[in-house]
Amino acid sequence: MRVSKMLTRTLKETPAEAETISHKLLLRAGMISQLVAGVYTYLPLAWRVLRKIEDIVRAEMDAAGGQELSMPVLQPLDLWQKSGRDVAFGKGLFNLTDRRERKLVLGPTHEEVITQLVSQNVRSYRDLPLMPYQMQTKFRDEPRARGGLLRGREFLMKDLYSFDADEAGLARSYDAMLQAYHHIYSRCGLPALAVEADSGAIGGKASHEFMVIAESGEDEIIRCNGCGYAANVEKAEAVKGEVSGGAPLLLEEVATPGAATIEEVSAFLKVPPQRTLKAVFYMADGQLVFAVIRGDLDVNEVKLKNNLRCTDLRMASEAEVNAAGIVAGAASPVKLSGVRVVADDSITSGTNFIAGGNRPETHLRNVNYPRDFSADIIADIARARAGQGCARCGGSLSAMRGIEVGHVFKLGTFLSEKLGAFFVDEKGESRPIIMGCYGIGLGRMLAAAIEQNHDDKGIIWPLPIAPYQVYLCPLYREGSAVAEVAEKIYNELTSAGVEVLFDDRVESPGVKFNDADLLGIPLRVTISPRTLDKNSAEMKWRRDKESSLAPLEGIAGRGKGLINERMAGAQV
RNA sequence: CGGGGUGUAGCGCAGCUGGUCAGCGCGCAGCGUUUGGGACGCUGAGGCCGGAGGUUCAAAUCCUCUCACCCCGACCA
């Protein structure tokens with residue numbers, strides 16, 4: 001490809017709408033163009049990257065037993081009502097109505113369609129397992145699209161669905177996918193970490209997310225430095241530590257003027273935060289819930305929501321708390337009635353806590369569970385954080401941010417039961433097919449690759465997914481043979497099967513080098529009067545500092561060799 | 001949906017206490033000089049100032065409504 005013929009140009013200045021690095025660089029490199037919020041055109045360079053990612057994903061899906069198909073974007077709303085997930089997706093579903101007033105949605109995912117399809121085709125356990133997949137554009141009316149390709153309302157996704165006759169089969173399918181996913185990320189030069197993930201309200205036994213570690217990531221990951229345990233903070237467990245308080249003492253009231261927060265109370269009473277109880281109020285499906293947790297810990301709302309089995313959870317307003325006759329800032333579960341109490345299990349191990357007195361500016365000393373109060377639910381509802389102990393091995397936990405580039409999920413039989421996907425087993429009995437689903441955000445992978453591979457000059461593409469492998473960069477000078485030689489090398493490299501972006505523009509060296517750096521093509525081949533004097537061309541890897549000279553004779557073979565070497569090697 | 005912000009040339013922005021306020025830089029076109037890290041000179045093209053109302057002798061500028069986009073939060077298989 002000749003740069004002079006490309007549809008897009010590079011930008012010197014970053015468009016104001018971009019905040020994250022990948023978004024800025026994608027715009028500056030002329031790889032994407034926004035149409036409306038969260039919806040982008042993939043311009044030729046980005047499309048080439050996406051196709052490379054797709055090729056790798058396709059190869060691994062096929063190798064793992066997948067079979068590719070393509071399902072419709074346009075789906076009847078009825079199907080979603082049948083599964084009940086029209087409610088779960090809510091406003092995230094793009095709705096439309098056809099000329100016959102039939103309600104349709106733009107598919108946000110394809111479990112319903114595939115399950116229906118499978119139900120029409122599978123009769124017997126002999127027909128299983130199945131692993132159909134597709135690469136398809138998904139539509140989700142996100143409350144807030146952001147970060148360019150990182151979170152769009154229209155995005156490319158690979159989705160595979162597994163259908164098995166029994167749990168063991170599901171486990172095999174699931175493991176095959178975990179393996180395939182590891183292969184995919186590693187082949188793309190984009191190391192991703194598999195972390196345990198929350199399985200959500202719909203349930204299921206296991207779920208893993210694949211995370212690319214990046215500052216701009218929307219998710220927080222908790223990871224053990226000892227055993228390698230890693231989990232999304234939504235799900236992560238940690239050792240909370242024992243807090244002794246001695247033998248239970250008599251409950252006693254103390255005045256705490258002006259002290260309402262944990263910090264204030266613990267400073268005022270000269271007691272460490274872990275010896276206090278924190279009260280947090282939520283509205284769960286419209287009902288007030290009182291969450292109690294040790295003062296040094298924070299409530300994990302996902303865990304709380306799962307324990308409450310509610311669909312809507314949010315912090316309660318002060319008015320809602322007051323309406324229940326509770327004193328915010330001095331609330332406690334002691335002598336409380338009429339409100340559902342959920343306590344973190346951390347409160348069961350210590351004694352003689354400080355808790356609110358349920359009267360303004362008053363607290364209680366020596367509060368003990370279960371002597372002084374009860375809870376409707378006792379469970380782990382604490383948010384894990386760096387520095388705590390690993391629940392598995394006792395090692396030390398650290399926290400990092402990640403971009404979710406893949407999510408695999410054991411679905412179970414929820415959908416197959418709702419949509420009538422049954423099979424007949426060996427004993428002749430009808431049973432629901434056991435499902436799993438496995439997604440990879442293709443566009444998000446592209447963006448994540450940039451988040452992880454860039455410098456202040458621009459993108460540094462991992463070789464396997466780079467739009468082109470070589471940036472051929474002749475530096476023009478009147479009366480020299482540079483142009484002619486460049487054309488020759490372009491033909492030679494291209495004939496050798498090397499993907500070349502040929503900067504045939506009559507531009508100054510600075511312009512060309514800066515564009516080469518911005519576009520991030522892995523290998524830059526420069527030809528100038530200077531190199532021609534030595535009958536050679538300059539070879540420079542985008543990722544490296546140094547450059548070297550290679551003789552013009554046999555340059556195509558040399559270039560191809562270097563690329564193959566790097567493709568095969570660890571460093572891409 | 002709550003909070004905040006921004007809409008002026010392809011991009012980045014200034015002008016916004018009403019009256020040469022239709023401007024600057026980059027980019028673009030032509031000509032010439034340049035060519036190893038975003039060169040220089042000259043000439044030129046390009047804007048219903050997001051939209052609709054209103055106030056006024058006069059509106060990019062003030063008021064109202066509206067639309068779009070961005071950020072924080074909420075939300076998120």
Side-chain angles (χ1 to χ4, degrees), chain A residues 8-20 23-24 27-28 30 33-39 83 85 88-93 108-112 138 140-148 150-153 155 157 159 161 197-204 206-209 218-219 232 234-235 282-283 301-302 305 311-315 317 404 406-412 414-415 435-441 457-458 473-480 482-483 505-518 524 526-533 537-538 540 547:
Chain A
T8 54
R9 69 177 65 258
T10 56
L11 300 175
K12 257 187 214 177
E13 283 164 310
T14 308
E17 74 227 37
E19 192 75 13
T20 50
H23 191 190
K24 286 180 182 171
L27 288 170
R28 282 193 55 210
S33 167
Q34 177 169 309
L35 189 59
V36 293
V39 178
S83 73
R85 296 208 304 170
F89 266 95
K91 289 191 175 150
L93 273 181
T109 177
H110 286 73
E111 281 86 5
E112 277 74 4
K138 310 289 187 191
R140 294 182 192 174
D141 196 358
E142 292 285 343
R144 197 179 134 217
R146 72 190 100 176
L150 285 173
R151 178 174 291 275
R153 298 194 297 163
F155 56 97
M157 187 172 177
D159 45 322
Y161 307 90
D198 175 59
S199 50
I202 290 175
S207 173
H208 286 86
E209 290 167 334
E218 293 182 293
D219 290 285
N232 191 310
E234 293 176 351
K235 156 111 179 177
Y282 289 91
M283 293 302 285
E301 295 184 10
V302 174
K305 190 173 170 183
T311 56
D312 182 51
L313 183 76
R314 60 172 174 83
M315 292 272 265
S317 68
E404 178 190 349
H407 198 159
V408 298
F409 202 92
K410 286 189 181 175
L411 277 178
F414 171 80
L415 280 167
M435 294 176 58
C437 69
Y438 314 84
I440 289 184
K457 288 284 195 182
C473 191
L475 301 181
Y476 284 93
R477 183 170 270 166
E478 201 90 30
S480 87
V482 169
R505 297 173 301 172
V506 181
E507 285 285 357
S508 71
V511 171
K512 291 189 167 190
F513 286 154
N514 278 294
D515 275 347
D517 289 344
L518 175 60
R524 190 182 75 195
T526 308
I527 310 157
S528 70
R530 196 193 278 181
T531 68
L532 284 192
D533 285 347
E538 180 200 73
K540 182 186 172 299
S547 61

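Proteins get letters first, then strands, A, B, ... in listed order; numbering begins at 1 in each.
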How long is the line joining [atom1] of [X] and [atom2] of [N], in whole Å?
X: A:Ile440; N: B:A77; atom1: CD1; atom2: P; answer: 19 Å
X: A:Glu142; N: B:G73; atom1: CD; atom2: P; answer: 15 Å
X: A:Glu19; N: B:C71; atom1: CD; atom2: P; answer: 6 Å
X: A:His23; N: B:C11; atom1: NE2; atom2: C1'; answer: 14 Å
X: A:Phe155; N: B:C76; atom1: CZ; atom2: P; answer: 15 Å
X: A:Arg153; N: B:C76; atom1: CZ; atom2: P; answer: 18 Å
X: A:Asn232; N: B:C76; atom1: CG; atom2: P; answer: 13 Å
X: A:Leu27; N: B:C70; atom1: CG; atom2: C1'; answer: 12 Å

Once you apply the 3.5 Å cut-off to both distances, tell me the Watson-Crick or G-U wobble partner of [N], or none.
N: B:G41; value: B:C31
N: B:A68; value: B:U6
N: B:C13; value: B:G23
N: B:G73; value: B:C1
N: B:A59; value: none
N: B:G46; value: none

Q. How would you list, by chain and number, every residue that makes a side chain to side chain donor-acceptor pair (under 3.5 Å) with A:Glu112, sequence neighbours excluded?
A. A:Ser83, A:Arg85
Q) Taking only residues two or more places apart in sequence or in another chain, which ones pass side chain to side chain donor-acceptor pair (under 3.5 Å) with A:Ser508? A) none
Rounded distance in Å between the [atom1] positions of [N] and [M]:
N: B:G18; M: B:A58; atom1: C1'; value: 8 Å
N: B:C21; M: B:A68; atom1: P; value: 34 Å
N: B:G3; M: B:G12; atom1: P; value: 27 Å
N: B:G10; M: B:C1; atom1: P; value: 31 Å
N: B:C75; M: B:A39; atom1: P; value: 49 Å
N: B:C57; M: B:C65; atom1: P; value: 24 Å
N: B:C24; M: B:C49; atom1: C1'; value: 15 Å
N: B:A52; M: B:U17; atom1: P; value: 22 Å

Q | side chain to side chain contact (heavy atoms under 4.5 Å, CB included) evaluation trace for A:Thr109 with A:Arg140 | A | CA-CA 9 Å; A:Thr109 177; A:Arg140 294 182 192 174; 3.8 Å; yes
**Q.** pair A:Phe414-A:Met435: side-chain heavy atoms closer than 4.5 Å
**A.** no
(Q) Please tell me if A:Lys305 has a side-chain N or O lying less than 4.0 Å from either OP1 or OP2 of B:C76. (A)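 For B:C76, OP1 or OP2 has a side-chain N or O of A:Lys305 closer than 4.0 Å.
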Q: Using a cut-off of strictly less than 4.0 Å, decide whether A:Gln34 has a side-chain nitrogen or oxygen near OP1 or OP2 of B:A68.
A: no
Q) Nearest of B:A74, B:G25, B:G27 to any side-chain atom of A:Arg146? A) B:A74
Q) In Å and rounded to the nearest 0.5 Å, what is the CG to CG distance from A:Leu475 to A:Leu532? A)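 Answer rounded to 0.5 Å: 10.0 Å.
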Q.
When you measure only distances, ignoring hydrogens and angles, does the side chain of A:Glu13 come within 3.5 Å of the base of B:G25 through a donor and an acceptor?
A.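 Answer is yes: a donor-acceptor pair is held.
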(Q) Looking at the base of B:C76, is there any donor atom on it, or on the side chain of A:Arg140, that sits under 3.5 Å from an acceptor on the other one? (A) no
At under 4.0 Å between heavy atoms, what does [X] touch on the DNA or RNA strands: base, sugar-phosphate, or nothing?
X: A:Ala16; result: sugar-phosphate
X: A:Pro15; result: sugar-phosphate
X: A:Glu17; result: sugar-phosphate

Q: Output all residues satisfying salt bridge (Lys or Arg N to Asp or Glu O under 4.0 Å) with A:Arg530, sequence neighbours left out; order by chain, then residue number.
A: none
(Q) Suppose we screen for salt bridge (Lys or Arg N to Asp or Glu O under 4.0 Å). Which residues come up paired with A:Lys235, at least two apart in sequence or across chains? (A)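 A:Lys235 satisfies salt bridge (Lys or Arg N to Asp or Glu O under 4.0 Å) with no residue once adjacent residues are dropped.
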Q: Take A:Thr109 and A:Gly38, find for each the nucleotide of RNA chain B with the closest heavy atom, and name the residue whose nucleotide sits nearer the 5' end.
A: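 Closest to the 5' end, via its nearest nucleotide, is A:Gly38.
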Q. So which one's nearest nucleotide on RNA chain B is more toward 5', A:Glu111 or A:Arg9?
A. A:Arg9
**Q.** Residue from A:Glu507, A:Lys457, A:Lys12 passing side-chain hydrogen bond (donor to acceptor under 3.5 Å, both in side chains) with A:Asn514
**A.** A:Lys457
Q: Using ring pair (Phe, Tyr, Trp, His ring centres under 6.0 Å) as the criterion, list what pairs up with A:Phe89, not counting sequence neighbours.
A: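 If we apply the ring pair (Phe, Tyr, Trp, His ring centres under 6.0 Å) test to A:Phe89, skipping adjacent residues, the hits are A:Trp80.
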Q) After noting the C-alpha distance and the side-chain angles of A:Leu313 and A:Glu301, does the key distance pass the side chain to side chain contact (heavy atoms under 4.5 Å, CB included) rule? A) CA-CA 8 Å; A:Leu313 183 76; A:Glu301 295 184 10; 4.2 Å; yes
Q) When you check every protein heavy atom under 4.0 Å of nucleotides 32-45 of chain B, what one-letter string (B, S, -) results, 5' to 3'? A) ---BBBBS------
